[in-house]
Amino acid sequence: MNRILVFVLGGLLVSPVLAEERVDRTIDAAPDGEVEIYNTAGSITVEGWSRDSVRVTGEIGDDVEELVLERDGDYILVKVKVPRNHGRDIDADITVNVPEDSAIEVSGVSADIDVEAVNGDQSLQTVSGDVEVDGVSANIEAASVSGDVEVTGTGKVGEAAAATVSGDVWVSGFAGELEAESVSGDVTITDGSFERVYFETVNGDLIFSGQLLRGGKIAAESVNGDVELDFDGAVSASFDIETFNGDIDNCFGPKPERTSRYAPGLELSFSQGDGDGRVVIETLNGDVSICND
Amino acid sequence: MNDIDRDDKLISAASGLTTGISPERDLWPGIEQAIATPKRSRWTPMLAQAAAVVLLIGASSGITYFTMKEEPVVIQQFSAELRFEQTAFGAEQTLGSVYRGAQGDYRTDLDAELEKLSPEVRADIENNLALIKDAIAEINVALEKNPDNVLLQELLVRSYREQHTLLRRVGALTKHVMVRKDI
């Protein structure tokens, strides 16, 4: 009896493992081509390497229809194909090695996206997973609905756009132009040097800690979230800050003034350094804090 | 008489005919005058314009009449998140029909998309749309008391844009992910 019980329990424990299919496929690729990757559920890890080929390894669920790996000239398609009325086991955890100078486009639904050491442009989108990118040295667009988006740059100049609905956005070590937005998540930008930053939320906080280059611009807009700007080193810009119902804390000196005798609003306009850059902050209820170190 | 003889006879007879006929009276001066002085139209540009205006007014009045006759005037009530404050934005009291139409289309796409997502993600999206809706309503209320406040006007317009962007983005989320349609 005990033997039967052990056998049954053992079978139950082993069966999920058996349901997964191991994949390992490789195809030749252009050194700086485009790789497009689709995976509905599970995880997608993309790693740049020095070979002129794309390799897909990992495990795919029993209800996955097939793993597509195709080449058309400089274009490579990696697709975890699932039937429209799919079963429960459509998860696929795949790692895709791509030539390091490839441009990539990655899409998932309930899949985490993790990218490392890819030098080309990147477009990454998922619904309920997290997006994490390390070593960004070109243009990037990264978005999730309920997951977090974390982008770490190499300090090279590029254009970045990061967006979530309820997740948080983190961008660090980036240079150039950045647009970041969330509805209820926080947006945090650190350790970068920027020509232009535009970030906004409805309920989340906006935090900037970086360098504004000469002639650069920052625009921060929030309804209920707080805005905190902490500049690296000296800053040269004209500031226009206004809040309808929040406070303004300014460590550069000038004090905010009431916008009206009858309304709670505060505004603050002043110039720092040569004033060749521009900083505009607007909130409804959020507090504003600006300083430098 | 063969055909050639018959033709020779006709040619000989034709050559005897007069080649020029003088008119009974000199008509050229009249023709020349008619060419030099074009006929003056009674349909002057001014008259044409006046007729066009009358036609336009008549047509629009007719359309208005039939429209009003068949459909009684309905005063629509808009909720706070669909309302611009009249005093702040002039006569444009509500969002235009084009905007509301687009929003409706996006909402349809969104509903179709939400069905594909997990209950947790669905709830998350709906909660965040509600946040934007509440923010818009709050700004509208503040604008009622401070209609000249430019900050509020800007925040309101941006919040509408944010709402629109969210509807559009979420409504197209899974279109990027391919699925087999033949199963």
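What you see is a predicted model, and the numbers here were worked out from it, not measured in a lab.
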Exercise. Under 4.5 Å, counting heavy-atom pairs only, tell me which of B/K145, B/E138, B/E120 racks up the most with chain A.
Key: B/E138
Quiz item: Between B/N127, B/L166, B/I125, B/L151, which residue shows the highest count of heavy-atom pairs closer than 4.5 Å to chain A?
Solution: B/L151
Practice problem: Drop me the distance from B/L155's CG to A/N285's CG, to the nearest 0.5 angstrom. | Solution: 9.5 Å
Quiz item: Of all of A/S184, A/A143, A/S222, A/S128, which one pairs up most often with chain B through heavy atoms under 4.5 Å apart?
Solution: A/S184
Quiz prompt | Partner chain B: residue of A/S166, A/G265, A/S260 with the largest heavy-atom pair count (under 4.5 Å) | solution = A/S166
Quiz item: Side chain, backbone, both or neither: which part of A/V165 has a non-hydrogen atom closer than 4.5 Å to chain B?
Solution: both
Quiz item: Do other residues, nucleotides or ligands put more than 12 heavy atoms under 6.0 Å from A/E141 CD?
Solution: no
Quiz prompt | Worked verdict on B/R161 versus A/E200 for side chain to side chain contact (heavy atoms under 4.5 Å, CB included) | solution = CA-CA 12 Å; B/R161 193 192 63 204; A/E200 66 176 333; 3.2 Å; yes
Quiz prompt | Results of ring-ring contact (aromatic ring centres under 6.0 Å, His included) for A/F244 - residues two or more places apart only | solution = none
Quiz prompt | Structural part of B/S118 lying under 4.5 Å from a heavy atom of chain A | solution = neither
Quiz item: Is there a salt bridge (Lys or Arg N to Asp or Glu O under 4.0 Å) between A/E221 and B/R158 once you walk through the steps?
Solution: CA-CA 9 Å; A/E221 293 155 10; B/R158 281 191 205 116; 3.1 Å; yes
Quiz item: Side chain, backbone, both or neither: which part of A/T201 has a non-hydrogen atom closer than 4.5 Å to chain B?
Solution: neither
Exercise. Answer yes or no: does atom CD of B/E126 have more than 12 heavy-atom neighbours from other residues, nucleotides or ligands under 6.0 Å?
Key: yes
Quiz item: Is A/E181 paired with B/R169 through a side-chain N to carboxylate O contact shorter than 4.0 Å?
Solution: no
Quiz item: If you look at every heavy atom in A/N203 and B/L131, which pair is closest and at what distance?
Solution: ND2-CD2, 3.1 Å
Quiz item: With a 4.5 Å heavy-atom cut-off, do B/E162 and A/V223 have their side chains touching?
Solution: no
Quiz item: Is it the side chain or the backbone of A/S123 that comes within 4.5 Å of chain B heavy atoms, both, or neither?
Solution: neither
Quiz item: Does any heavy atom of chain B fall under 4.5 Å from the side chain of A/N245, the backbone, both, or neither of them?
Solution: neither
